Q: 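The structure is given below, and queries will be raised subsequently.
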Number of protein chains: 2
Amino acid sequence: MSEVTLKKLADLLNLSISTVSRALKDHDDISAETKNRVKELATILDYEPNSYAVNLRNNFSREFAVIIPSIANDFYQSFISSLEKEARLNSYSLFILQSGDDPQTELECIKRCKQNRVAGIFVSITQKTTDISHFLKLEDSHIPVIFFDKVPAPDACNKVCVDDISAALLSAETLILKKKKNILAIFGNEQLSITQKRLNAFKDTFTRHNAGACLSIYHADTSATAYQYTMEQLAQPQQPDVIFCMSDEILIGVMRAVQTFGLRPPADIGILAISEGQIPTFYVPQITYIETSGFKLAKLAFSRMLACLAGSTAFLELKTESIIVEGGSI
Amino acid sequence: MSEVTLKKLADLLNLSISTVSRALKDHDDISAETKNRVKELATILDYEPNSYAVNLRNNFSREFAVIIPSIANDFYQSFISSLEKEARLNSYSLFILQSGDDPQTELECIKRCKQNRVAGIFVSITQKTTDISHFLKLEDSHIPVIFFDKVPAPDACNKVCVDDISAALLSAETLILKKKKNILAIFGNEQLSITQKRLNAFKDTFTRHNAGACLSIYHADTSATAYQYTMEQLAQPQQPDVIFCMSDEILIGVMRAVQTFGLRPPADIGILAISEGQIPTFYVPQITYIETSGFKLAKLAFSRMLACLAGSTAFLELKTESIIVEGGSI
DNA sequence: AATCCAACCGCAAACGTTTGCGGTAATGTT
DNA sequence: AACATTACCGCAAACGTTTGCGGTTGGATT
């Protein structure tokens, strides 16, 4: 069974291709009767316009690309889930491309985006991406690029991210409010700007409040190192009275250690995290966390994308509000 | 800056479009010198072929669609992650479409696939999808459809799924081996074929081994109901000596209850689950589970897809092997 | 009867690429 | 000198759509 095309419909109906095309689009020029005949046959034969031809002719597409280090991550998962929904409701589709956190692969992805003449790109860059000229080149050819979550340093681009500073600030304030004095705070990879922002805001808040708390700061790249370090700290004679985790990954490692020691929050030790919201619900009591919602971020990113497509040429840096979700672990 | 096309290159080089096209493809007809000139300019101008034109002309695309109920699910996440990688290595791209577990939306997705003339479709159907004729129609127009995970009942289609029966069998055998006598087994929604398969194989194994264990079976649709029921059961004078969880979702609810009661596996109670592998690592000790790997399934599905594209017209039902991953919870 | 206006429809070009076929010039062969 | 061969390259059609423009009816208005 060969493809159903406008030509095929036209031949079958003894009409011209243009008439069939217009009939399907409810063009004024076409009589109601003809429209009906055309639409009926189109339905019967299951006609669907060929996107390639349409996009080629119209020189634009209804596809967005999403480039992320890896989809296997709660945050990106909720982000994409939400973004896909928004896209579908606006009759866009989503291309998912994984950079594997490798700049070289990321370049490949950009290439793919160019080839597919996508309408726009959402990208969370790799840890090692410093040169964003390839992305900016796309902007030259009128493909909006929205950086989200892991965003580059330069100003001349559109960024949408969680408000790291307010999240860290809120975290610190929570700890101060709870009168915690002996605080173990575990942050992620020291090189990442996200770590630096959160760490600085965190420390600043303590200095500003002059809280007089003992702050012990540590950096862990992985869940496993967070676990090991926490194990060591809990073995000390003076245990911390609260552990702050900068991310879900760290939370997982910390909680393994806490459980291993048989400690039960909040009585034995307090736990506070910045988290996407899934992981904290696995424990009893649930972990109190500052939410960094992928859902919210996706909505924000999408609306920014639509604005860009509508002609906005400004470069904005948008942030989502952080809120605290009480779980009972502190 | 306007688009870089073959025509533009041709004009700039005083060559014809066809020569430029052939030069970029290392065609024999073109002299080495011309090839170099063309390639050089193409690199400078950052030429990338327009996929729409290519696909239109060649009447085939290098895009696969993935239709799933929701991406927010550990299993699908690992499946897609793995599939995307396979696809990229074979220079295919992935379209992600979420049905929202709604048959109507699923139809929309199929339509989108037709319009985009995708090379093939991977689909995990909704709980309510019974009519798969729309999918089979795609097969008529030579678009292979690989059903994975949640597969339909009819035989005339390609299915790739985890081996529910062997997973349940392995689970039951593990429990018997460990000489558990008072077993609480919590399964998912009773209507789902996956539940039925697992339940039957589970029960059969016990009857076959004549194990003389007391089997208490319960169905929970959500994490929350699994939690509630487990709470009730743990409050009984005679607690079960092991709890079996058919899925990650159930495991989460069960573990909430177990933690609430302060029970520590494996001494106080045994825990065994069928799981994707993420969740079990969050607890101490890690939960022993029968693995249903999305990674493996993706590899299997992808190779089946390639086979179909290569001309295989058979309808196969492939299954991935289940293995047990010891965590120390039983 | 000549004119005009709707109402309806078709022609043909364009989007960017691929590719069969034919053409030309230079070189080699008889 | 006539012919064949090789090495290069261009013409033009095709893929399926969209759309500006022009054309043909039939009926209503002068």
Side-chain angles (χ1 to χ4, degrees), chain A residues 1-39 41-42 45-63 111 114-119 141-143, chain B residues 1-39 41-42 45-63 111 114-119 141-143:
Chain A
M1 177 172 117
S2 79
E3 289 268 6
V4 183
T5 66
L6 287 183
K7 178 162 168 36
K8 188 162 178 182
L9 294 179
D11 288 349
L12 255 40
L13 292 166
N14 269 326
L15 289 169
S16 76
I17 295 178
S18 22
T19 302
V20 174
S21 173
R22 278 190 260 254
L24 289 173
K25 300 191 125 53
D26 269 332
H27 194 285
D28 287 340
D29 272 4
I30 311 298
S31 71
E33 198 208 325
T34 307
K35 282 183 188 169
N36 285 335
R37 283 178 60 216
V38 172
K39 287 182 183 172
L41 186 64
L45 294 187
D46 239 359
Y47 168 77
E48 293 289 346
N50 184 321
S51 294
Y52 300 130
V54 175
N55 290 336
L56 178 59
R57 160 72 211 212
N58 294 343
N59 199 23
F60 87 147
S61 81
R62 298 196 73 83
E63 289 154 15
K111 201 166 151 186
K114 274 205 68 171
Q115 289 177 349
N116 284 4
R117 304 294 194 271
V118 294
S141 30
H142 305 110
I143 300 181
Chain B
M1 176 171 119
S2 78
E3 288 270 6
V4 183
T5 66
L6 288 183
K7 179 164 168 34
K8 189 162 179 181
L9 294 180
D11 288 348
L12 255 40
L13 292 166
N14 269 325
L15 289 170
S16 75
I17 296 179
S18 22
T19 301
V20 175
S21 172
R22 277 189 262 252
L24 290 173
K25 300 191 127 52
D26 269 331
H27 194 285
D28 288 340
D29 271 4
I30 311 298
S31 72
E33 197 210 324
T34 307
K35 280 183 189 169
N36 285 335
R37 284 178 59 216
V38 172
K39 287 181 183 172
L41 187 65
L45 295 187
D46 238 0
Y47 169 77
E48 292 291 345
N50 184 321
S51 294
Y52 300 131
V54 175
N55 290 336
L56 177 60
R57 160 72 211 213
N58 293 344
N59 200 25
F60 88 147
S61 81
R62 298 196 75 83
E63 290 153 16
K111 200 167 152 187
K114 274 205 68 171
Q115 290 177 350
N116 284 2
R117 304 295 194 269
V118 294
S141 29
H142 305 109
I143 300 181

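As the structure is a prediction and not an experimental result, all values here were calculated from the model. Chain identifiers are assigned alphabetically (A, B, ...) following the order of the sequence lines, protein sequences preceding nucleic acid strands; residue numbering begins at 1 within each chain.
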Q: Looking at every strand, decide which applies to B:D29 at a 4.0 Å heavy-atom threshold: base, sugar-phosphate, or nothing.
A: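 It contacts base atoms.
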Q: Between atom CG in A:L9 and atom P in C:dG10, what is the gap in whole Å?
A: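 Going from A:L9 (CG) to C:dG10 (P), I get 13 Å.
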Q: Measuring from B:D46:CG to A:K114:NZ, what's the distance to the nearest 0.5 Å?
A: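 Between B:D46 CG and A:K114 NZ, I get 4.5 Å after rounding to 0.5 Å.
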Q: With respect to the side chain of A:Y47, which nucleotide from D:dT17, C:dG16, D:dC11 is positioned closest?
A: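 Shortest atom-to-atom distance from the side chain points to D:dT17.
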Q: Of all heavy-atom pairs between A:R22 and A:I30, which one has the smallest distance, and what is that distance?
A: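 Heavy atoms of A:R22 and A:I30 come nearest at CB-CG1, 3.7 Å.
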Q: Taking atom P of D:dC9 as reference, at what distance in whole Å does atom CG of B:L13 sit?
A: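 Between P of D:dC9 and CG of B:L13: 11 Å.
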Q: To the nearest angstrom, how far is B:E48 atom CD from C:dT17 atom C1'?
A: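 Computing the B:E48:CD to C:dT17:C1' distance gives 14 Å.
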Q: Quick one: A:K25 NZ to D:dG20 P, roughly how many Å, whole number?
A: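 Nearest whole value for this atom pair: 13 Å.
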Q: Heavy atoms only: give me the nearest B:K39-B:A23 pair and the separation to one decimal.
A: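 That closest heavy-atom pairing would be CE-O, 3.7 Å.
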Q: Give A:I30 one of three labels, base, sugar-phosphate or nothing, depending on what nucleic acid heavy atoms sit under 4.0 Å from its own.
A: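 Sugar-phosphate contact only - A:I30 comes under 4.0 Å of backbone atoms but never of a base.
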Q: To the nearest angstrom, how far is A:L6 atom CG from C:dC11 atom P?
A: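 Rounding to the nearest Å, CG of A:L6 and P of C:dC11 are 15 Å apart.
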Q: Tell me whether the side-chain N/O atoms of A:T34 come closer than 4.0 Å to OP1 or OP2 in C:dC9.
A: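 A:T34 to C:dC9 OP1/OP2: side-chain N or O found under 4.0 Å.
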Q: Between B:R22 and B:V54, name the one whose nearest nucleotide on DNA chain C is closer to the 5' end.
A: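 Going by which nucleotide is closer to the 5' end, it is B:V54.
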Q: Could you state the CD-P distance from A:E3 to D:dA14, rounded to the nearest angstrom?
A: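 After rounding, the reported distance stands at 18 Å.
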Q: By the 4.0 Å heavy-atom rule, please label A:N55 as base, sugar-phosphate, or nothing.
A: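 Nothing: the residue A:N55, judged by heavy atoms under 4.0 Å, touches no strand.
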Q: Expressed as a whole number of angstroms, how long is the span from A:N59:CG to C:dA14:C1'?
A: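 These atoms are roughly 11 Å apart.
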Q: Using heavy atoms to find the nearest nucleotide of DNA chain D for B:D28 and A:A53 separately, return the residue whose nucleotide is more 5′.
A: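 In this pair, the answer is B:D28.
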Q: So, taking the atom named CG in B:L9 and the one named CG in B:L45, what distance separates them when rounded to the nearest 0.5 Å?
A: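 Here the rounded value is 6.0 Å.
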Q: Identify whether any heavy atom of A:S18 sits under 4.0 Å from a base atom; if not, whether one sits that close to sugar-phosphate; answer base, sugar-phosphate or nothing.
A: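 Base contact.
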Q: When the nearest nucleotide of DNA chain D is assigned to B:S16 and to A:R57 on a heavy-atom basis, which residue is associated with the more 5' position?
A: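 On the 5' side of the pair lies B:S16.
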Q: Tell me: CG of A:N14 to C1' of C:dC8, nearest whole Å?
A: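 Taking CG of A:N14 and C1' of C:dC8, I get 16 Å after rounding.
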Q: Out of the candidates B:V118, B:L56, B:N116, B:N55, only one should pair with A:S51 under the side chain to side chain contact (heavy atoms under 4.5 Å, CB included) rule; please name it.
A: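 The single option meeting the side chain to side chain contact (heavy atoms under 4.5 Å, CB included) with A:S51 is B:N116.
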Q: What nucleotide among D:dT17, D:dG16, C:dC9 has an atom nearest to a side-chain atom of A:L56?
A: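 Between D:dT17, D:dG16, C:dC9, the one nearest the side chain of A:L56 would be D:dG16.
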Q: Is A:S21 near enough to D:dT18 that one of its side-chain N or O atoms lies under 4.0 angstrom from OP1 or OP2?
A: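 Affirmative; the distance criterion is met.
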Q: Heavy atoms only, 4.0 Å cut-off, all strands: where does A:I17 land among base, sugar-phosphate and nothing?
A: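 The answer is base, as A:I17 lies within the cut-off (heavy atoms under 4.0 Å) of a base atom.
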